[in-house]
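To start, the structure itself, in structure tokens.
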Number of protein chains: 2
Amino acid sequence: MTTTTNARVLEHPTRDQIRLEEVLHALADSVRLRIVRDMARESTELSCSYFDLPVTKSTTTHHFRVLRESGVIQQMYRGTAKLNCLRRSDLDALFPGLLDSVLAAADAQDGRVGETG
Amino acid sequence: MTTTTNARVLEHPTRDQIRLEEVLHALADSVRLRIVRDMARESTELSCSYFDLPVTKSTTTHHFRVLRESGVIQQMYRGTAKLNCLRRSDLDALFPGLLDSVLAAADAQDGRVGETG
DNA sequence: GTCCTCGTACGATAACCATCGTAGTACGGC
DNA sequence: GCCGTACTACGATGGTTATCGTACGAGGAC
């Protein structure tokens, strides 16, 4: 079935459906936290292949889906690529300060662990 | 072996050993988030049995251990009871604003979901 | 000493999850 | 139409976790 229907519709939770526990769970994985940090740093739409992750592509797909379904990121297709961006306004509206403090904490922890130099 | 050694010593991570991912994971469970919120509200040492949780005692023990080993709470024995308190100063020093934003987010979500009526 | 309460340890179990490999679909270039 | 790139779907797998029940230990009350 070479369906030409653009079935490439990605399910996202609405703002009201975003749950704190799921967001925390999404951020509690080091691979996903790294994705989120990269996205916050670039602050533009990035394709999945932009990220150089220490896992295979299928695992990458899995992590992006967890992030999307928890409401942390938004994904959209553009040609063969899939663009990702943080749902900053939604997260900031629901959980003021949460994302920023997580990002700052991750940066601070990198400094503590001392992988940067 | 009825060892009378006070082996009732509880392992806690030092401040430097606390890892953001583990803290987020600890907070990403609804039972544990509830415990943390109750502790933050009372802001005093509470025994495990203070909390009216929808799980059995052994599961409660498990959740308290996860919270302790991730560095979120401190536990100490006093007689037959075990007292718990948040490691606020450690968490605030490592992850400024994180705990407060999580607590505020949990309160806001309660308001949204409207279970308080 | 005898009980009671509080919490732990251990084993079991079922669910979840991070990971992979392979096979497949969607889209753009030629 | 054909191929390559980007990503997905599916099945498998091994590890972690949330849950329970039962049996046990530690300390206080009597």
Side-chain angles (χ1 to χ4, degrees), chain A residues 1-12 19 21-36 39 45-70 72-85, chain B residues 1-12 19 21-36 39 45-70 72-85:
Chain A
M1 283 207 294
T2 59
T3 54
T4 325
T5 70
N6 49 350
R8 295 166 56 94
V9 177
L10 293 164
E11 291 282 329
H12 288 80
R19 299 272 296 147
E21 290 91 333
E22 285 178 47
V23 170
L24 292 175
H25 172 245
L27 298 176
D29 180 276
S30 55
V31 174
R32 292 193 292 262
L33 185 57
R34 182 163 157 181
I35 293 171
V36 169
M39 256 187 289
E45 295 159 343
L46 296 172
S47 70
C48 290
S49 54
Y50 168 86
F51 303 89
D52 186 30
L53 300 173
V55 292
T56 63
K57 283 201 296 179
S58 37
T59 305
T60 301
T61 296
H62 162 70
H63 285 306
F64 273 100
R65 179 164 42 199
V66 172
L67 287 170
R68 187 185 74 240
E69 292 180 347
S70 67
V72 174
I73 68 170
Q74 186 152 42
Q75 298 189 292
M76 69 213 82
Y77 284 106
R78 198 171 80 185
T80 85
K82 191 156 129 186
L83 299 184
N84 304 275
C85 63
Chain B
M1 282 209 295
T2 59
T3 55
T4 326
T5 71
N6 50 349
R8 296 169 54 94
V9 177
L10 293 165
E11 292 283 328
H12 289 79
R19 299 272 296 146
E21 291 90 333
E22 285 179 48
V23 170
L24 292 176
H25 173 245
L27 297 175
D29 180 276
S30 56
V31 173
R32 292 194 291 264
L33 185 57
R34 182 162 157 181
I35 293 171
V36 169
M39 255 185 290
E45 295 158 342
L46 296 172
S47 70
C48 290
S49 55
Y50 168 86
F51 304 89
D52 186 30
L53 300 173
V55 291
T56 64
K57 281 199 300 178
S58 36
T59 305
T60 300
T61 297
H62 161 70
H63 285 305
F64 273 99
R65 178 165 44 200
V66 172
L67 286 170
R68 187 185 74 240
E69 292 180 346
S70 68
V72 174
I73 68 170
Q74 185 151 41
Q75 298 189 290
M76 68 213 82
Y77 285 105
R78 196 169 83 184
T80 86
K82 191 155 127 187
L83 299 184
N84 304 275
C85 63

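First the proteins, then the strands, lettered A, B, ... as listed; each starts at 1. What you are looking at is a predicted structure, and each value in this text was computed from that prediction instead of being measured.
With the nearest nucleotide of DNA chain C identified for both G79(A) and T61(B), T61(B) has the one nearer the 5' end.
Between the CG atom of L10(A) and the P atom of dA6(D) there is a distance of 18 Å, rounded to whole Å. Rounded to a whole Å, the CG atom of L53(A) is 15 Å from the P atom of dA6(D). The interatomic distance linking R68(A) (CZ) with dC7(D) (P) rounds to 13 Å, in whole Å. Regarding R65(B), its CZ atom lies at a distance of 8 Å from the C1' atom of dA9(C), rounded to whole Å. When the C1' atom of dA18(D) is taken as reference, atom CD1 of I35(B) falls 13 Å away, rounded to whole Å. Separating the CE atom of M76(A) from the P atom of dA6(D) is a distance of 18 Å, rounded to the nearest angstrom. For the pair L27(A) CG and dC17(C) P, the interatomic distance rounds to 15 Å; values are reported in whole Å. In this structure, CG of L24(B) is placed 14 Å from P of dT17(D), rounded to the nearest angstrom.
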Tabulate below the donor-acceptor pairs under 3.5 Å that side-chain atoms of residues 47-54 of chain B make, not counting sequence neighbours, or state none.
residue: S47(B); atom: OG; partner: S49(B); partner atom: OG; Å: 3.1
residue: S47(B); atom: OG; partner: Y50(B); partner atom: N; Å: 3.4
residue: Y50(B); atom: OH; partner: E42(B); partner atom: OE2; Å: 3.0

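Exactly one residue among T60(B), V66(B), T61(B) makes a side-chain contact (heavy atoms from CB on, under 4.5 Å) with F64(B). That residue is T60(B).
For T59(A), the side chain to side chain donor-acceptor pair (under 3.5 Å) test picks out T56(A), with sequence neighbours left out. For E21(B), the salt bridge (Lys or Arg N to Asp or Glu O under 4.0 Å) partners two or more places apart in sequence, or in a different chain, are R19(B). Residues that satisfy the side chain to side chain donor-acceptor pair (under 3.5 Å) test with Q74(B), not counting sequence neighbours, are absent from this structure. The side chain to side chain donor-acceptor pair (under 3.5 Å) search around H63(B) returns R32(B), not counting sequence neighbours.
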Reading 5' to 3' through nucleotides 18-23 of chain C, protein heavy-atom contacts under 4.0 Å coded B for base, S for sugar-phosphate only, - for none: BBBB--
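R65(B) places none of its side-chain heavy atoms less than 4.5 Å from the side chain of Q75(B).
Side-chain nitrogen and oxygen atoms of R78(A) include none within less than 4.0 Å of the OP1 or OP2 phosphate oxygen of dA6(D).
Among the protein residues, Y77(A) comes within range of the sugar-phosphate backbone only, with heavy atoms under 4.0 Å from sugar or phosphate atoms but none that close to a base.
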